[in-house]
Protein chains: 2
Amino acid sequence: MKAPHSEDDVAHFDLKDFLPYLLNISGEVTSSGFQSSYKNQYGMTRTEWRVLFHLGRYGDMTARDICTRARTHKTKVSRAVSALEKVRFLKRQKNLDDRRFETLCLTPEGYKAYKTLCGKAGQFDRALSANFTPQENAILRRCLRQLAGLP
Amino acid sequence: MKAPHSEDDVAHFDLKDFLPYLLNISGEVTSSGFQSSYKNQYGMTRTEWRVLFHLGRYGDMTARDICTRARTHKTKVSRAVSALEKVRFLKRQKNLDDRRFETLCLTPEGYKAYKTLCGKAGQFDRALSANFTPQENAILRRCLRQLAGLP
DNA sequence: CGTTGATAGTTACATTTTCAACTAATACCA
DNA sequence: TGGTATTAGTTGAAAATGTAACTATCAACG
């Protein structure tokens, strides 16, 4: 017979080793650091940034594709797409075979913004990675991808 | 002379290796998984959960201490404290030497909730950690703490 | 066909978070 | 002492997010 929570858990649990907590804080700290790049210059939100980078890096795709690849809810993506469309960073193109889909493609201005931010992102990531050895960097990223359920 | 963004960045940058992105997604995925524990049973938000766990694990402290330790903005903490006070999970105690401070302490009910959630958190973290070797787990946590700016 | 069910995406509403301005108390320092 | 700057914490309005219900389109199957 086991108690619903053992005293051991209370004695041994430590917040500073709890993965969801650590991931959230480190994610928040690093993302806020990078955020100024796109927020100040383009007034973009984090989700808009994600959509822009998916299209810039991986080419045209539907909103649903972005949802799946970025593990992001469709309402967030839907609003980000509308916002990016309003500032003419992307265009929608209805699929004629199946008109539920619309393919999203960056405009030249959208792609230009992507390129600019790409440089900043690369710089930012190199600075973060400089804290760790190549082996640590590899393990870190592999673990994170697995936790996120990414390929 | 260097261009503001080199073509190399555009060619080589990959979203799925970008740390802020990976941290955010993995943080969101794992936290959403654990969230049901405290949300369903106690109707707590993520920030309220954090405050509860700081007090439960590390003992009485001020809101400012929680802000510093959890790298969380004071307005978030302030509102979480009010909410936890309303359901009588904690009490405030004005410091008489410096009356700007108030020390926060869990009530017996608050501590009971902490103990219950502690068990679930321990279980949840063990399940996540089971995906990795002890060495990977150690490296992962050390890297995350450093990125988060935690001791 | 026509009904049922699934899927892509949007919208309305509630909750949360952010940002800036605010109060109250203390520290600093001439 | 008195004025200015800091610090702890709160609050209101705006922005972002989450949840659920919605439209529109297509698929499957009688």
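Convention: sequence-line order gives letters A, B, ...; per-chain numbering from 1.
Straight-line distance from the CZ atom of A/R99 to the C1' atom of D/dC26: 10 Å, rounded to whole Å. Rounded to an integer number of Å, the gap from A/E28 CD to C/dT17 C1' is 10 Å. If you measure from atom NZ of A/K76 to atom C1' of C/dT11, you get 18 Å, rounded to the nearest angstrom. Distance A/D97 CG to D/dT25 C1': 13 Å, rounded to the nearest Å. In this structure, B/Y38 places its OH atom 11 Å from P of C/dT16, rounding to the nearest Å. Atom pair B/K86:NZ and C/dT15:C1' shows a separation of 13 Å (rounding to whole Å applied). The nearest whole Å value for the distance from the NZ atom in A/K94 to the C1' atom in D/dT25 is 8 Å. Distance, B/D98 CG to C/dC28 C1': 14 Å, rounded to whole Å.
In this structure, the side chains of B/V51 and B/V81 come closer than 4.5 Å at one or more pairs of heavy atoms. Contact annotation: the side chain of A/Q41 approaches that of A/T116 to within less than 4.5 Å [non-hydrogen atoms, C-beta and beyond].
Residue A/F101 is found outside any hydrophobic cluster, as its side-chain heavy atoms come under 4.5 Å of no other Ile, Leu, Val, Met, Phe, Trp or Tyr. Residues B/I139 make up the rest of the hydrophobic cluster containing A/I139, defined by ILVMFWY side-chain heavy atoms closer than 4.5 Å, directly or through other members.
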Query raised in the report: What does nucleotides 19-24 of chain D look like as a protein-contact string, B for base, S for sugar-phosphate only, - for none, at under 4.0 angstrom between heavy atoms?
Result: BB----
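Mapping B/V77 and A/N95 onto DNA chain D by nearest heavy atom places B/V77 closer to the 5' end of the strand.
Using a cutoff of 4.0 Å between basic side-chain nitrogens and carboxylate oxygens, B/E85 and B/R92 are scored as salt-bridged.
Residue pairs meeting the salt bridge (charged side-chain N to carboxylate O under 4.0 Å, His left out) criterion with at least one partner in residues 25-41 of chain B, sequence neighbours excluded, are B/E28-B/R46. Sorted by first and then second residue, the pairs that involve residues 120-151 of chain A and meet ring-ring contact (aromatic ring centres under 6.0 Å, His included), not counting sequence neighbours, are A/F34-A/F124.
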Report task. Would you check, one step at a time, whether the test salt bridge (Lys or Arg N to Asp or Glu O under 4.0 Å) holds for A/D125 with A/R141? Result -> CA-CA 12 Å; A/D125 202 60; A/R141 283 172 175 74; 2.8 Å; yes
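Remark: side-chain polar atoms of A/D65 are paired, donor with acceptor, to backbone N or O of A/T62 under 3.5 angstrom.
Contacts between residues 42-66 of chain A and DNA chain D, defined by a heavy-atom separation under 4.0 Å, are made by A/T45, A/T47.
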